[in-house]
Amino acid sequence: MRKMTLRSVKEADVAGKRVLVRVDFNVDVVNGKVVDDFRIRAALPTLELLHKGEAKKIVLLSHLGRPQGRDPQFDLVPVEKHLRELTTVPFELHENLRFDVREEKNDPEFARQLAELGDLYVNDAFADSHREHTSIVGLAALLPSYAGLNLESEVEHLLQALSPSHPALAIIGGAKFETKEPLLQKLLSTYNKVLLGGVLGNDLLKARGLPVGTSLVAGVIAPTSLAGNERLLSPVDLIVVGEGKGGRTSQTGDVRASEKIVDIGPQTAEAWSKEIAGAQFVLWNGPMGVYEAGHTSGTDALATAITNSACRAVIGGGDTIAAIMKHTFDPEKVFLSTGGGAMLQFLIDGTLPGIEILKK
Ligand code: 3PG
């Protein structure tokens, strides 16, 4: 099994110190309320550890969204309010880091300003560790720096996903074939089978010469080296919608020119659930259908298959987590990653800039 040894917050002497903690509180806020607090909850164990270790002050650093300057829409106040309802640990929350344009530039002067706010630095923002930003890289170099508990747990589980027990199954959905192609190539070298749903599934069908109607597809066609790989599975049936009509199930190959693919079909869901039942390890990133428009049956079927199986699983990606939150997974077997882009990048490179800097 791969191992990576990081300086852990568990080893840090935090008593009497001011601790800066980079967290990822980039969560959905609607009408001033946090609607999905998965990432906020993920930071609680580190905050509790620091409090128990008698840290003098805990200063949390996060970004929210992609504001162009100081836009009140991206204020962290609702997040702060939500966190105070979740924990009695005293903390200060710095304003949205991206209100300062220097955050995304790994700016040395901004790093020095942030470093003045603390004596130690902890990175518990796995989901941002692919970004070479000031609060992730520059700041970590200026103070004694450590990995938080969530970041450590992410690394441990994603390392397992890089060397999975076999039979190993990867399920990849969502869009952006262009950015996911290197990942697919890599997964095919380690996993027994790779199943493609969502827009990526459409891309594969198209590359295999099958009709996709008006479905969303990438701007590039999957190369034959990939599309010709028989361990890369595309759906055998699909849920499609036509103009102004309700949905229907279509065999792959029968999608009409006016129709749009919105989910994998029931036969595919059943066949892929059987693949999950037979796997030792499942890696899943990306929903199978347009879940935000209510096309959740494929994603739900696969989530149910994972809950019913003895396999170990790592599931991640913001949309995927949002789509499967209604299911209850055994935390001993199933790890839910807070990472979106960071998870995919870690799976390709085996590390991230914000993690490299915390290595012993
Ligand atoms: C994410 O949501 O993946 C992280 O918070 C990073 O956000 P970013 O893609 O805006 O850097």
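These values consider heavy atoms only, across backbone and side chains, with no hydrogens, waters or symmetry-generated copies. In each ligand, atom 1 is the first atom listed, and ligand 1 is the first ligand listed.
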Decide whether the shortest distance between a heavy atom of M343 and an atom of ligand 1 is less than 4.0 Å.
no
Does the residue A127 have a heavy-atom contact with ligand 1, meaning some pair of atoms that are separated by less than 4.0 Å?
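A127: in contact with ligand 1 (<4.0 Å).
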Given L6, which of E156, E356, K359, E11 fulfils the side chain to side chain contact (heavy atoms under 4.5 Å, CB included) condition?
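The single option meeting the side chain to side chain contact (heavy atoms under 4.5 Å, CB included) with L6 is K359.
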If we ignore angles and hydrogens, is there a donor and acceptor under 3.5 Å between the side chains of S297 and D263?
yes
When you check the side-chain N and O atoms of D124 and T46, is any donor under 3.5 Å from an acceptor?
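Yes - a donor-acceptor pair under 3.5 Å links their side chains.
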Evaluate K105 against D107 for salt bridge (charged side-chain N to carboxylate O under 4.0 Å, His left out), listing each step before the verdict.
CA-CA 5 Å; K105 297 182 176 150; D107 180 87; over 6 Å; no
Can you find an N or O of H130 that's nearer than 3.5 Å to an N or O of ligand 1?
no
Under 3.5 Å, N or O to N or O, is N26 touching ligand 1 that way?
yes
With a cut-off of 4.0 Å, which atoms of ligand 1 are near a heavy atom of [X]?
X	value
R131	8 (P), 9 (O), 11 (O)
R66	8 (P), 9 (O), 10 (O)
R98	8 (P), 10 (O), 11 (O)

Please answer whether the main-chain N or O of T190 pairs with a side-chain N or O of H166 as donor and acceptor at a distance below 3.5 Å.
yes
Where the side chain of T87 meets the backbone of R84, is there a donor-acceptor pair that is under 3.5 Å apart?
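No.
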Please state which protein non-hydrogen atom is closest to [atom] and give its distance, to 0.1 Å?
atom	value
atom 7 (O) of ligand 1	H63 NE2, 3.4 Å
atom 6 (C) of ligand 1	D128 OD1, 3.3 Å
atom 5 (O) of ligand 1	D24 OD2, 2.7 Å

Record the part of E104 in heavy-atom contact with ligand 1 below 4.0 Å; permitted values are side chain, backbone, both and neither.
neither
Location of contacts on R39 toward ligand 1, heavy atoms closer than 4.0 Å
side chain
Does R102 come within less than 4.0 Å of E109, counting only side-chain N to carboxylate O?
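Looking at R102 and E109, the cut-off is not met.
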If you draw the axis of the six-membered ring of F126, does the NZ or CZ of R39 fall within 45° of it and under 6.0 Å from the ring centre?
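No, R39 does not sit over the ring of F126.
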